[in-house]
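Each ligand, and each atom within it, is numbered from 1 in the order the structure gives. It should be emphasised that the depicted structure is a prediction, and the values quoted were computed from it without experimental measurement.
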Amino acid sequence: MSDRPPFLEAEVVKKFLTYTALIPLLKTALINFSAGTGAVVQPVRTIVPVANYGGFLGVMPAYSATDDALATKVVTFYENKRAADENEISAFPSHHSTVLLFEPRNGSLKAIIDGNVITDRRTAAVSAIATKLLKPASADVLCILGSGAQAHSHFEVFMELFSFKEVKMWSRRRESAELFASTMKANVQVCATAREAVADADVIITVTMATEPILLGEWVKPGAHVNAVGACRPDWRELDDSLMQHCVLYVDSREAALKESGDIILSGAEIFAELGQVLKETKPALAEKTTVFKSVGLAIEDTVSAKLVFDLWSATKTPE
Ligand SMILES: NC(=O)C1=CN([C@@H]2O[C@H](COP(=O)(O)OP(=O)(O)OC[C@H]3O[C@@H](n4cnc5c(N)ncnc54)[C@H](O)[C@@H]3O)[C@@H](O)[C@H]2O)C=CC1
Ligand SMILES: O=C([O-])C1=[NH+]CCC1
């Protein structure tokens, strides 16, 4: 291999970052993160608003001693207000990310890795982990609100791991939900309103760029489980106060959620546990209650994903 760090593009990440390989790694990373023993070192990400353009730049470093993995993701996400005009279809993605993977022993740069597939898959995999623990015992109906990149990765892993009888989707732009449904192998029912999509759902996933609530507590079936993935800014919402205040609330990181999640900060909802605590069984999974898993996204998830991709890719290379 040359001294220049390789760039691993999205196709390489897609090939090696399977959910089967990723999920056990994420579970361990979340347990180590929540244990607070120092096995995972990860500050809350730094965010630089790009105010003139409705954008944000996030820097997300983490180190896992257990995985011997050191990396930082750099991610940009843009509100794309122009697309909020229903007639405007923007083909430009709202999120872009890159992961820099380092050699922990000496700090050298090992690889530059496309971060988009990592972000999509690790986020969906963490929602799937939460859902396994928190969904009601009988879960037949899945509802997805939003039809972008995260909707695709969530659908992908949820179809792989669960056997829902029905999948319902609502998206702000109906054409986009219809396009989603037509490209998927499973039957997806496109609904005219979020309320219609949510009715009777046992598991709900919110994956939108909404800044105001799109999911109201009064629509949610008692005992359902919600994965709230969007609204990662302190003044953005996806869920209303009623849902936030009447659920049992789980988060990926208590510290990050209290800094970044508008749904938590503005509703004053109380956090019950971190997902890593439930995985370690130091806090219970109250699956019979209405539960919300509020995910903001953690650098440690990107770090262990990047290390996995790099190791599997390296193993296919013959030394010069
Ligand atoms: N928790 C986590 O770890 C992560 C969270 N995210 C968040 O997940 C959300 C979805 O991300 P992507 O799928 O990558 O974005 P995307 O841009 O691919 O899709 C966004 C979806 O939201 C819809 N949308 C946009 N504005 C809306 C509004 N005002 N009301 C209702 N729907 C609206 C769009 O039509 C589209 O269906 C974003 O909020 C993103 O920041 C993204 C990555 C990781
Ligand atoms: O974890 C992540 O990469 C992100 N969370 C919200 C926007 C991007």
Colleague: Aromatic ring centroids of H225 and F293 under 6.0 Å?
Modeller: no

Colleague: Below 4.0 Å from ligand 1: does a non-hydrogen atom of P93 turn up there or not?
Modeller: no

Colleague: Near S147, which atoms of ligand 1 are under 4.0 Å from a heavy atom of that residue?
Modeller: 37 (O)

Colleague: Closer than 4.0 Å to some heavy atom of V296 - which atoms of ligand 1 meet that?
Modeller: 1 (N), 2 (C), 3 (O)

Colleague: When you look at H95 and T119, which way does the side chain to side chain contact (heavy atoms under 4.5 Å, CB included) test go after all the steps?
Modeller: CA-CA 9 Å; H95 292 63; T119 302; 5.7 Å; no

Colleague: For the CG atom of L8 and the OG atom of S314, what is their distance to the nearest 0.5 Å?
Modeller: 7.5 Å

Colleague: With under 30° as parallel and over 60° as perpendicular, where do the rings of F158 and F164 fit, or are they tilted in between?
Modeller: parallel

Colleague: Heavy-atom distance to atom 20 (C) of ligand 1: which of M209, R122, R172, E260 wins?
Modeller: M209

Colleague: If you measure every N/O of S295 against every N/O of ligand 1, is any gap under 3.5 Å?
Modeller: yes

Colleague: Identify, chain by chain and in numerical order, each protein residue with a heavy atom under 4.0 Å from an atom of ligand 2.
Modeller: R45, M60, K73, F77, H95, T119, R122, C232, V296, G297

Colleague: Heavy-atom contacts with G297 under 4.0 Å: which atoms of ligand 1 show up? List them by number with element.
Modeller: 1 (N), 2 (C), 3 (O)

Colleague: Grouping I, L, V, M, F, W and Y whenever their side-chain heavy atoms are under 4.5 Å apart, do V229 and F155 come out in a common cluster?
Modeller: yes

Colleague: Could you see which bit of V229 sits under 4.0 Å from ligand 1, with heavy atoms only: side chain, backbone, both or neither?
Modeller: both

Colleague: Determine, using heavy atoms of S176 and all atoms of ligand 1, whether some pair is separated by less than 4.0 Å.
Modeller: no

Colleague: Closest by any non-hydrogen atom to atom 15 (O) of ligand 1: pick that one out of C232, G148, S94.
Modeller: S94

Colleague: Ignoring hydrogens and geometry beyond distance, is a side-chain donor-acceptor pair present between S108 and N106 at under 3.5 Å?
Modeller: yes

Colleague: Could you tell me which atoms of ligand 1, counted from 1 in the order shown, lie closer than 4.0 angstrom to a heavy atom of S171?
Modeller: 37 (O)

Colleague: Going by atom types alone, do E218 and S242 pair a side-chain donor with an acceptor below 3.5 Å?
Modeller: no

Colleague: With a cut-off of 6.0 Å (strictly less than), are more than 12 heavy atoms of other residues, nucleotides or ligands near NZ of K27?
Modeller: no

Colleague: Out of E274, K283, Q277, which residue meets the side-chain hydrogen bond (donor to acceptor under 3.5 Å, both in side chains) rule with S34?
Modeller: E274

Colleague: Checking S295 against N227: is there a side-chain donor and acceptor pair closer than 3.5 Å?
Modeller: no

Colleague: Going by the side-chain hydrogen bond (donor to acceptor under 3.5 Å, both in side chains) test, name the single residue among E156, E160, R122 that passes it with Y19.
Modeller: E156

Colleague: Can you tell which of Q150, H154, H95 gets a heavy atom nearest to atom 40 (C) of ligand 1?
Modeller: H95

Colleague: Would you check the N or O atoms of E301, main chain and side chain alike, for any that come under 3.5 Å of an N or O of ligand 1?
Modeller: no

Colleague: As an exercise, identify every atom of ligand 1 less than 4.0 angstrom from a heavy atom of A231.
Modeller: 39 (O)

Colleague: Is A210 touching ligand 1 with its side chain, its backbone, both, or neither, if touching means heavy atoms under 4.0 Å apart?
Modeller: both

Colleague: Is there a path of hydrophobic side-chain contacts, each under 4.5 Å between heavy atoms of I/L/V/M/F/W/Y residues, joining V167 to V198?
Modeller: no

Colleague: Do V126 and L145 belong together in a cluster built from hydrophobic side chains that touch within less than 4.5 Å?
Modeller: no

Colleague: Any idea which part of T119 is under 4.0 Å from ligand 1, heavy-atom wise: side chain, backbone, both or neither?
Modeller: side chain

